Structure formats: structure tokens, C-alpha cells
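First comes the structure, then the notes that go with it.
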Amino acid sequence: SPTLLTISCHPTKTMPSLSFQIPRTLSDKFPIIQNPNFLGLKAFSSFNPSISTSVECPGSRMEGPRFSYGEIHIILGPMFAGKTTSLLRRIQTESNNGRSVAIIKSNKDTRYGLEYTVTHDGAKFPCWALADLSSFRQKYGVNAYEKLDVIGIDEAQFFGDLYDFCRKAADHDGKTVIVAGLDGDYLRRSFGSVLNIIPLADSVTKLTARCELCGKRAFFTLRKTKDTPTELIGGADVYMPVCRQHYVNGQLAIEATRILESQRIQCDSYLEASSPPS
Ligand SMILES: Nc1ncnc2c1ncn2[C@@H]1O[C@H](COP(=O)(O)OP(=O)(O)O)[C@@H](O)[C@H]1O
Ligand SMILES: Cc1cn([C@H]2C[C@H](O)[C@@H](COP(=O)(O)O)O2)c(=O)[nH]c1=O
Ligand SMILES: [Zn+2]
């Protein structure tokens with residue numbers, strides 16, 4: 001006959017007394033259920049089944065610290081697809097619903113200053129511009145962080161520690177995390193860690209833009225310059241959203257221009273070397 005472990009929740013005026021009973025045979029076999037978080041309860045620092053202790057029950061009005069698990073929502077797509085617009089809208093809605101919100105963006109993007117995250121059509125929201133996400137809790141303030149409900153992350157492709165931050169924020173800290181970023185770079189390769197967090201996510205939304213050349217749906221970002229580093233900050237001066245046909249044609253055109261250019265340079269230096277001095 002199994003021994004029972006009992007965790008009692010102290011009642012408040014609004015809730016009757018509540019207790020959970022876990023057969024010891026079960027808890028020995030599956031040690032994870034000894035962690036009160038498994039039951040949706042706030043972890044005590046050390047779990048002692050012989051004592052009654054005040055614990056938190058999510059969604060209830062029990063006494064004790066508040067805890068509920070978080071969520072992760074990802075907004076992907078090419079440039080100009082409305083990722084930042086969608087992020088700001090969701091954050092504003094959360095804020096209107098009385099939740100405490102903050103947005104983080106990469107400090108690599110200094111185009112509109114570091115105070116705000118700004119959409120391509122000028123909508124903006126105050127933000128924390130950071131080099132990495134792991135510094136956010138300290139910079140925001142540990143106490144303030146505890147009270148924060150929703151964290152927005154813009155330009156997520158630039159954060160190397162995206163996976164660890166999102167996992168901890170949602171699984172351990174109970175935050176709702178809304179992530180906006182490019183799924184692919186200008187060569188349509190996976191960009192940063194954005195795709196790595198898909199297995200962590202509650203929802204993934206891929207937005208599309210309008211192809212600048214034909215108006216069809218645009219899934220890709222074409223770089224208009226010959227620069228080759230993966231990271232190159234810029235807007236419509238450097239990039240345009242394109243459909244598949246215009247991505248492929250555009251890449252061919254850029255490659256052809258690059259070859260012609262290098263042939264012209266070779267030609268010029270040959271002519272210069274072979275022309276008699278004046
Ligand atoms: N080719 C384009 N060049 C400049 N702005 C564009 C272009 N296509 C769309 N936009 C504008 O950009 C807005 C979306 O901006 P934003 O939310 O910052 O996109 P994202 O974060 O996906 O790059 C659109 O609502 C539109 O007004
Ligand atoms: C495709 C591509 C983009 N970038 C940069 C360019 C911009 O600064 C951001 C994307 O901003 P948006 O809010 O999504 O419009 O990323 C880059 O560095 N490398 C690329 O290949
Ligand atoms: Zn097109």
C-alpha cells in the first residue's frame with residue numbers, strides 16, 4: 001500500500017482548504033513529481049513531504065507567491081512584412097489588458113536611435129537596446145523583472161542567446177515572450193537562432209510582404225548591394241522584399257553584375273599595364 005505525501009495549501013477566505021496526495025511509490029518512480037512545479041505549484045526551496053507548507057496554485061487565490069507558466073510566440077518573415085508592427089500591436093494589447101510589458105531590441109540597429117523600436121512606417125515603442133538578452137534581468141532590475149508579465153524581442157536574429165533566454169523566461173520565470181525576427185538572411189539561410197526556438201514555441205506566425213517588383217506575396221529579402229557579410233544593418237536603401245521569381249532573377253542579376261564588374265576591373269588594369277607611358 002503506497003505511502004502518501006501530502007502538500008497542504010493554506011486556505012484564504014475565498015478558497016477551501018486543499019491538499020494533494022502523491023503515492024510514495026509513484027513519486028519514487030518518477031522523481032520529477034516531487035517537484036511541486038510539476039503540479040503547477042511554486043517550488044519550495046527544499047521539498048519536505050512531512051511538513052505542510054503554503055504554496056502557490058496558479059489561477060487560484062491561494063496565499064503565497066504567484067506563479068504561472070509563460071508562453072512563447074514567434075513572428076517570422078522577410079523584411080517589410082510587418083513583424084515589428086505586429087509585435088508592437090500585441091504588446092500594446094497586453095499593456096491595455098493591464099499586463100506589465102517591455103520590449104528589447106538589438107543595439108546593433110542604431111538607425112532610429114536606441115530609445116525606441118521603430119517600424120518601417122514610423123510607429124514606435126520605447127525599448128531596451130541590448131547587446132545580449134542575458135543582461136536584461138540585471139539592467140531592467142531584478143525586482144522589476146519579477147513583476148514583468150510580457151517581454152517583446154525585436155530583431156531576434158541578432159541575439160546569440162535567444163534560445164536560453166526564451167526557455168528560462170517562459171519555463172522558469174512565467175513570462176509571455178513575443179519574438180519578432182527574420183527567419184532567413186539575404187541568401188535565404190537560417191538567420192541567427194530564430195529557427196532554433198521553434199521547438200520551444202506556443203505559436204509561430206510567418207508573415208509575408210509585397211514583392212517590390214510585381215506586387216505578389218514576398219517571402220524573401222533581396223539585398224540590392226554587393227556586400228557579403230551576413231549582418232548588414234539597413235532599410236529600403238539596401239533591401240527589398242521579393243517573390244520567389246524575383247528573388248531568383250535578382251540573385252542572377254546581382255551575380256552577373258558582380259562578374260561583369262570584376263571583368264571590367266581586370267580589363268582596366270590590363271589596359272593600364274599595356275598602355276605606353278604618356
Ligand atoms: N518595400 C517597402 N519599402 C519600404 N517600406 C515598406 C515596404 N513594404 C512595406 N513597407 C512598409 O513597412 C511596414 C511594415 O514595417 P515593419 O513592421 O517595420 O516590418 P518588418 O519589421 O517586418 O520589417 C508596412 O506596413 C509598410 O507600410
Ligand atoms: C536580410 C538581412 C537583413 N539584415 C538586417 C537589415 C535590418 O537592419 C534588419 C532587419 O530589420 P527588419 O525589422 O526585419 O526590417 O536585419 C541583415 O543584417 N542581414 C540580412 O541578410
Ligand atoms: Zn515578384
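In this chain, residues are counted from 1 in sequence order. Both backbone and side-chain heavy atoms feed into the values below; hydrogens, waters and symmetry mates do not. Worth saying up front: this structure is predicted, and the values here are computed from it rather than measured. Whatever order the structure lists ligands and atoms in, that order sets their numbers, starting from 1.
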Asp109 bridged to Arg111 by N-O distance under 4.0 Å: yes
Carboxylate-amine/guanidinium contact Arg264 Asp268, below 4.0 Å: yes
Passing candidate, side-chain contact (heavy atoms from CB on, under 4.5 Å) with Leu162, options Leu200, Val177, Ile153: Ile153
Atom 12 (O) of ligand 1: nearest protein contact (heavy atom, Å): His120 CB, 3.3 Å
Within-cut-off N or O pair, Met79 and ligand 1, under 3.5 Å: no
Donor-acceptor contact present, side-chain Asp185 to main-chain Arg189, <3.5 Å: yes
Flag, side chain of Lys216 to backbone of Val242, donor-acceptor distance under 3.5 Å: no
Sub-4.0 Å heavy-atom contact, Gly77 with ligand 1: no
Side chains of Tyr112 and Lys124 in contact at under 4.5 Å (non-hydrogen atoms): no
Part of Glu212 with heavy atoms under 4.0 Å of ligand 1, whether side chain, backbone, both or neither: side chain
Nitrogen or oxygen atoms of Glu231 and ligand 2 under 3.5 Å apart: no
Closest approach of any protein heavy atom to atom 24 (C) of ligand 1, naming residue and atom: Asp121 OD2, 3.7 Å
Nitrogen or oxygen of Thr221 less than 3.5 angstrom from that of ligand 2: no
Within-shell test, Pro78 vs ligand 1, heavy atom, strictly < 4.0 Å: yes
Total protein N/O/S atoms whose distance from the Zn ion (ligand 3) is less than 2.8 Å: 4
Lys108 near ligand 2 by a heavy-atom separation under 4.0 Å: no
Phe191 N/O under 3.5 Å from ligand 2 N/O: no
Nearest-neighbour protein heavy atom for atom 6 (C) of ligand 1, which is reported as residue plus atom name and distance: Phe80 CD2, 3.6 Å
Nitrogen or oxygen atoms of Pro78 and ligand 2 under 3.5 Å apart: no
Nearest-neighbour protein heavy atom for atom 4 (N) of ligand 2, which is reported as residue plus atom name and distance: Tyr239 OH, 3.4 Å
Positive for side chain to side chain donor-acceptor pair (under 3.5 Å) with Asn96, one of Arg99, Gln92, Glu94: Gln92
Pair Asp149 + Lys175: basic N to acidic O under 4.0 Å: no
